[in-house]
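Let me begin by presenting the structure, written as structure tokens, before commenting on it.
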Amino acid sequence: VQLVESGGGLVQPGGSLRLSCAASGFTLDDYAIGWFRQAPGKEREGVSCISVSGGSTNYAESVKGRFTISRDNAKNTVYLQMNSLKPEDTAVYLCVAVRQARFIDLDAFTTVAGLFGSWGQGTQVTVSS
């Protein structure tokens with residue numbers, strides 16, 4: 001199970017980026033996927049997650065209305081569209097896959113991801129003028 005994140009970079013406040021999480025060696029059809037981020041000196045925090053079917057999505061309060069998670073199983077990829085970026089969004093963004101995970105909210109997904117998730121290496125997002 002290998003996940004590879006891409007799409008990070010340097011962007012000005014108010015700008016947008018789209019992160020991708022591509023699976024290699026397995027198909028994402030049977031996995032719930034989440035995005036997490038970790039800033040220097042801070043704990044890793046959940047950003048968003050999407051159910052196996054794609055019918056359920058959850059977001060951290062800090063990104064609601066600005067970020068959108070989606071999945072394209074045909075491309076074996078999950079995306080995180082990030083709009084209206086703020087300097088406090090600066091972090092390494094990681095995706096995680098959890099097979100057949102069912103969850104009711106982001107906190108629940110965070111728990112199962114920590115126990116059973118397969119993680120990517122991350123992509124750096126820097127929001128600065």
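Residues: numbered from 1 along the sequence shown.
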Derivation and outcome, side chain to side chain contact (heavy atoms under 4.5 Å, CB included), residues Asp89 and Arg37: CA-CA 9 Å; Asp89 294 319; Arg37 66 187 180 186; 2.9 Å; yes

What is the distance from atom [atom1] of [X] to atom [atom2] of [Y], rounded to the nearest 0.5 Å?
X      : Y      : atom1 : atom2 : result
Thr68  : Arg18  : OG1   : CZ    : 11.5 Å
Leu19  : Phe67  : CG    : CZ    : 8.0 Å
Ser51  : Gln100 : OG    : CD    : 13.0 Å
Ser48  : Ile33  : OG    : CD1   : 11.5 Å
Leu80  : Tyr59  : CG    : OH    : 7.5 Å
Ser129 : Leu10  : OG    : CG    : 9.5 Å

For Val98, the rest of its hydrophobic cluster, which grows through side-chain links under 4.5 angstrom: Phe36, Val92, Leu94, Val96, Phe103, Phe109, Val112, Leu115, Phe116, Trp119

Remaining members of hydrophobic cluster (4.5 Å side-chain criterion), Tyr79: none

Gln121, CD: over 12 other non-hydrogen atoms inside 6.0 angstrom: no

Return the minimal non-hydrogen interatomic distance between [X] and [Y], and the atom names on each side.
X     : Y      : value
Thr57 : Ile69  : CG2-CG2, 3.6 Å
Leu3  : Cys21  : CD2-SG, 3.9 Å
Leu17 : Leu85  : N-CD1, 3.9 Å
Asp29 : Val52  : O-CG1, 3.0 Å
Pro13 : Ser128 : CD-C, 3.6 Å

Stepwise side chain to side chain contact (heavy atoms under 4.5 Å, CB included) test for Ser16 and Asn83: CA-CA 4 Å; Ser16 298; Asn83 298 328; 2.9 Å; yes

Trace of the side chain to side chain contact (heavy atoms under 4.5 Å, CB included) decision for Trp35 with Glu5: CA-CA 10 Å; Trp35 283 97; Glu5 301 93 339; 3.8 Å; yes

Donor-acceptor under 3.5 Å (Arg71 side chain, Leu28 main chain): yes

Thr90 (side chain) donor-acceptor with Val127 (main chain) under 3.5 angstrom: yes

Pairwise side-chain contact, Arg99 with Phe26, heavy-atom cut-off 4.5 Å (strictly under): no

Check against side chain to side chain contact (heavy atoms under 4.5 Å, CB included), Cys95 and Val78: CA-CA 9 Å; Cys95 63; Val78 172; over 6 Å; no

Polar side chain donor-acceptor pair, Thr27 to Asn76, under 3.5 angstrom: no

Residues forming a disulfide (SG to SG under 2.5 Å) with Cys49, sequence neighbours excluded: none

